[in-house]
There are 2 protein chains.
Amino acid sequence: MASSDTRERILDAALDAFGTRGFDATSLDDLAEHLGVRKQTILYHFGSKNDLFMATIDAAVGELGVAMIEAGRGRTGWPAVESVVNTVFRIAVREPARLGLLRETTRLGGAWSNRMRESLAPVIEKARLFLTLEMRRGNMRQTDPNLVLVSAYSTVMGVATEVEVLRAVGIEPTLREAVKRRRELLRFLEAALR
Amino acid sequence: MASSDTRERILDAALDAFGTRGFDATSLDDLAEHLGVRKQTILYHFGSKNDLFMATIDAAVGELGVAMIEAGRGRTGWPAVESVVNTVFRIAVREPARLGLLRETTRLGGAWSNRMRESLAPVIEKARLFLTLEMRRGNMRQTDPNLVLVSAYSTVMGVATEVEVLRAVGIEPTLREAVKRRRELLRFLEAALR
DNA sequence: AGGGCTGTCTACCAATTGGTAAGTGGGTGG
DNA sequence: CCACCCACTTACCAATTGGTAGACAGCCCT
């Protein structure tokens, strides 16, 4: 039953582990034990730890990109931004590991970062186009879309995921706080962009 | 010559390694070899890898906090923000590992994160006070200062350090680009805060 | 001169890591 | 019915890791 079943379970567990503890701190043995399976089963489905990590990136970040594009589809102007931010926030609350994996990948850099860049390229392209269009329409202040994109990304990602930073200013990562945080983030972005 | 000399050299190398490659990916052996010294020398000065990491946090993040407070001293309003951001950017360009260490520490969470929080508490308190004051004066839009703080932190930190994200939108981390990035970031922040 | 302290080294070690080799059992197709 | 293959296991292994034990050389103090 189902090689594919086991494969899927491994991918899920890997996403969780890599996304929260990080690549180096995740051992195949731990992963296997947590799955009730031997380490060699993992190595059977994915040839090596690196391969597993890559597969995890492809699966997880790919779906993230799809979700973001879906959130923006058919919308223009500020509502589009709002919708994407809401989607990212929902993911950050429900599957923090998925965004964690994104961050971990960029942190490690190198080949993995390239891999992720490919997965996300369509989203970035779409976002850049969106910004350019909005600027031309006069709905957004005129500047380098790339730099705006980086600022916006950093802000959203940080507010959505940096639990320890939140704690540092005395905000506990509860659901209620997340709602407030999202609202404030949207106001922040709105002020910055238009 | 210097126990203190060696100690200092170890701390420098540790800051660099922990801040760029991360805690788990940094082995005492590598560190020692890079210093032209045996691993046991490191363990003599700092009892364990954990102790070394803590000492690194104290030294590096502490100095960072001092630099930020110094940058803000005597200034009010927008020029204060500008000065602090410039300082952080200068550090990001000249000693990327120092901000990397900050990020690594928040990433690892737990006891280390607490340690760092203590080191940075004065800076955070000062920043919160600043924001509250500026809001009362009407120089800044009225909202929860804590949340504004998180947004601003995330934006600055991200734009200053996330090399891979920059690459993803086609920005190479050159010095010239850093200048443009800083200018755009300041505009972004100015629009968002006031 | 010699006892003690400091800083560094050599010599080990147990645990953990990612990975290889060689089965094993059960289901399927010819 | 039997050969084969798929999913998974047991049995190892070499390398790396953080850490301990203890020797040794220089220096300071008396």
Side-chain angles (χ1 to χ4, degrees), chain A residues 1-59 101 104-105 107-113 115, chain B residues 1-59 101 104-105 107-113 115:
Chain A
M1 243 165 299
S3 125
S4 71
D5 184 33
T6 307
R7 225 189 114 91
E8 221 51 44
R9 285 182 56 232
I10 294 175
L11 269 180
D12 280 355
L15 165 61
D16 201 57
F18 287 142
T20 59
R21 263 163 299 165
F23 180 79
D24 292 301
T26 298
S27 84
L28 295 183
D29 283 297
D30 290 353
L31 213 53
E33 192 185 18
H34 174 263
L35 282 164
V37 106
R38 302 294 152 221
K39 158 174 61 176
Q40 284 67 13
T41 305
I42 298 179
L43 288 169
Y44 169 75
H45 287 281
F46 309 85
S48 71
K49 194 186 179 185
N50 284 2
D51 288 354
L52 173 60
F53 190 60
M54 253 185 224
T56 311
I57 295 174
D58 287 346
L101 186 77
E104 174 73 355
T105 307
R107 189 181 77 85
L108 294 171
W112 289 316
S113 207
R115 187 76 166 221
Chain B
M1 317 207 212
S3 124
S4 73
D5 183 32
T6 307
R7 226 188 113 91
E8 221 51 45
R9 286 182 56 232
I10 295 175
L11 269 181
D12 279 355
L15 165 61
D16 201 57
F18 286 142
T20 58
R21 262 163 300 165
F23 181 78
D24 291 300
T26 298
S27 84
L28 295 184
D29 283 297
D30 291 351
L31 214 53
E33 192 186 15
H34 175 261
L35 282 165
V37 106
R38 301 297 149 217
K39 157 173 65 176
Q40 285 67 15
T41 303
I42 298 179
L43 288 169
Y44 168 77
H45 288 282
F46 310 85
S48 71
K49 193 185 177 183
N50 285 1
D51 288 353
L52 173 60
F53 190 60
M54 253 186 225
T56 310
I57 294 175
D58 288 345
L101 188 77
E104 174 73 356
T105 307
R107 189 181 78 87
L108 293 171
W112 288 315
S113 206
R115 187 74 165 224

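Note that the structure is predicted; figures quoted are calculated from it, not measured. Just so we're on the same page: letters track the sequence lines, and every chain starts at 1.
- Counting to the nearest Å, the P atom of D/dT20 and the NZ atom of B/K39 are 11 Å from each other.
- Checking the phosphate oxygens (OP1, OP2) of D/dC6, no side-chain nitrogen or oxygen of A/H45 falls inside 4.0 Å.
- In this entry the distance linking CD1 of A/I42 with C1' of D/dT9 reads 13 Å, nearest Å.
- Side-chain proximity of B/R38 to D/dG19, D/dT17, C/dC9: nearest is C/dC9.
- We find that CD1 of B/I10 is positioned 14 Å from P of D/dG18, with the value rounded to whole Å.
- Among the protein residues, B/L43 comes within range of the nucleic acid bases, having at least one heavy atom under 4.0 Å from a base atom.
- Of all the residues in residues 13-27 of chain A, A/T26, A/S27 reach under 4.0 Å from DNA chain C with at least one non-hydrogen atom.
- For B/Q40, the listed nucleotide lying nearest its side chain is C/dC9; candidates were C/dG18, C/dT8, C/dC9.
- Taking atom CZ of A/R7 as the reference point, atom P of D/dA7 lies 10 Å away to the nearest angstrom.
- A salt bridge does not link A/E33 with A/K39: every distance from a Lys NZ or Arg NE/NH1/NH2 to an Asp or Glu carboxylate oxygen is 4.0 Å or more.
- Here the side chains of A/V37 and A/L31 are not in contact, with every heavy-atom distance at 4.5 Å or above.
- With distances taken from any side-chain atom of B/Y44 to the nucleotides C/dG7, C/dG18, D/dT9, the minimum falls on C/dG7.
- Put simply, the side chain of B/I10 does not reach to within 4.5 Å of the side chain of B/Y44, judged on heavy atoms.
- Between B/D30 atom CG and D/dT17 atom C1' the separation is 10 Å, expressed in whole Å.
- Looking at heavy atoms from C-beta onward, A/L35 lies out of side-chain contact with A/T6 at the 4.5 angstrom threshold.
- In this entry the distance linking CZ of B/F46 with P of C/dG7 reads 12 Å, nearest Å.
- Computed from coordinates, the B/D29 CG to C/dT10 C1' distance equals 14 Å when rounded to whole Å.
- Counting atom types as modelled, A/K49 pairs no side-chain N or O with a base atom of C/dG19 as donor and acceptor under 3.5 Å.
- Side chains of A/F46 and A/R7 form a contact here, defined as non-hydrogen atoms less than 4.5 Å apart.
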Side-chain atoms of residues 13-25 of chain A: list all donor-acceptor pairs with protein atoms under 3.5 Å, sequence neighbours left out, distances to 0.1 Å.
| from | atom 1 | to | atom 2 | distance (Å) |
| --- | --- | --- | --- | --- |
| A/T20 | OG1 | A/D16 | O | 2.8 |

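- Between B/T6 and the phosphate of C/dT8, there is a side-chain N or O to OP1/OP2 separation shorter than 4.0 Å.
- Looking at heavy atoms from C-beta onward, B/F53 lies in side-chain contact with B/L101 at the 4.5 angstrom threshold.
- Side-chain proximity of B/T41 to C/dT17, C/dT6, C/dC9: nearest is C/dC9.
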